[in-house]
Amino acid sequence: SRRRAGAAGAEEDDEVAGQRTMGMTVIAALSLLIGVLGLVGSAGMVSDGLGLTHLGSATSGPAVGSTSAPPPSDASTRLRVTLFGVVRVALCVLLVVGAVGTMGMRPSGRRFSVVYAVGWIVAGGIEPFVLRYRFGWEVVASAAYPFLLLALFNSPAWKAAFAPASVQPR
């Protein structure tokens with residue numbers, strides 16, 4: 001037990017009886033990497049939306065003969081790109097916090113990872129339509145890791161490993 005008996009309810013959340021497996025360690029490290037890289041990419045998206053950079057295609061003018069994003073002068077497109085960038089920054093922060101919690105076998109690590117996964121899938125599902133870009137393999141590929149997290153963290157073994165000590169079967 002990491003905390004003394006009689007600890008407050010919030011402190012009980014830190015106590016788990018599960019042991020971290022190699023798979024959990026790999027997922028925690030991968031989540032940390034994806035979260036940090038996602039923060040960089042999402043910050044670029046916000047920067048594009050604010051007009052500071054032109055890294056992505058959503059705020060660039062379309063090429064001749066293409067049906068890609070509207071011209072960069074479209075203020076509503078810039079606003080939407082900025083808003084989705086901010087949502088993605090917040091989701092990546094959740095993933096980084098979830099990775100740290102997963103490494104420490106905290107129930108909050110599971111919670112943050114699942115919230116990230118659901119949020120990323122939902123945002124990724126509506127973003128192509130809102131920003132008017134093609135729903136292709138890139139969108140599906142970006143959802144692969146969130147779906148993996150959902151599958152792992154909702155499996156009986158991982159649920160039990162991340163359950164608070166007071167909830168785990170004896």
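Along the sequence shown, residues carry numbers from 1.
Under the 3.5 Å distance criterion, the side-chain polar atoms of R80 are left unmatched by any main-chain donor or acceptor of G49. Looking at R20, its side chain does come within 3.5 Å of a backbone N or O of M103 through a donor-acceptor pair. Formation of a donor-acceptor pair under 3.5 Å by the W120 side chain with backbone atoms of S142 is found in this model.
Salt-bridge formation is detected for the pair R88/E127: a Lys NZ or Arg NE/NH1/NH2 atom is positioned less than 4.0 Å from an Asp or Glu carboxylate oxygen.
Put simply, F129 and V140 are part of the same group of oily side chains (I, L, V, M, F, W, Y) that touch within less than 4.5 Å, one to the next. L37 and V100 are members of different hydrophobic clusters when ILVMFWY side chains are connected at heavy-atom separations under 4.5 Å. Grouping the Ile, Leu, Val, Met, Phe, Trp and Tyr side chains by contacts below 4.5 angstrom, directly or via other members, places L79 apart from V46. V81 and I126 end up in the same hydrophobic cluster when Ile, Leu, Val, Met, Phe, Trp and Tyr side chains are linked at under 4.5 Å. Under the 4.5 Å side-chain heavy-atom criterion for ILVMFWY residues, a single connected hydrophobic cluster contains both V118 and F112.
Of all the heavy atoms in S42 and V89, the pair that sits closest is CB-CG2, 3.5 Å. Scanning all heavy atoms of the two residues, the minimum distance from S113 to L149 falls at O-CD1, 4.2 Å. The minimum heavy-atom distance between Y116 and P146, with the atom names listed, is OH-CG, 3.9 Å. The shortest non-hydrogen separation linking L39 to V96 is CD1-CG2, 4.3 Å. Residues L150 and A117 share a closest heavy-atom pair of CG-CB, 3.7 Å. Nearest heavy-atom pair across D48 and R78 is O-NH1, 2.9 Å.
Contact of the M24 side chain with the W158 side chain is registered, since non-hydrogen atoms from C-beta on lie closer than 4.5 Å. For the pair L83/V130, no side-chain contact is recorded, criterion being any heavy-atom separation below 4.5 Å from C-beta on.
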Go through it in stages, so that I can follow the logic: the residues are M45 and F84, the test is side-chain contact (heavy atoms from CB on, under 4.5 Å), and I'd like the CA-CA distance, side-chain angles, deciding distance and then a yes or no.
CA-CA 8 Å; M45 191 172 177; F84 272 99; 3.5 Å; yes
Does the side-chain contact (heavy atoms from CB on, under 4.5 Å) test come out yes or no for F162 and M105, once each step is laid out?
CA-CA 6 Å; F162 285 93; M105 294 299 296; 3.7 Å; yes
Begin from the C-alpha positions of L91 and L94 and carry the test side-chain contact (heavy atoms from CB on, under 4.5 Å) through to its verdict.
CA-CA 5 Å; L91 290 170; L94 287 174; 4.2 Å; yes
Do Y145 and S31 pass the side-chain contact (heavy atoms from CB on, under 4.5 Å) test, and can you show the C-alpha distance, the side-chain angles, and the key distance before you say yes or no?
CA-CA 9 Å; Y145 189 68; S31 290; 2.6 Å; yes
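M22 CE to T25 OG1: the interatomic distance, rounded to the nearest 0.5 Å, is 6.0 Å. Rounding to the nearest 0.5 Å places CG of L32 at 10.5 Å from OG1 of T102. Between the CG atom in L95 and the CG atom in L30 there is a gap of 8.5 Å [rounded to 0.5 Å].
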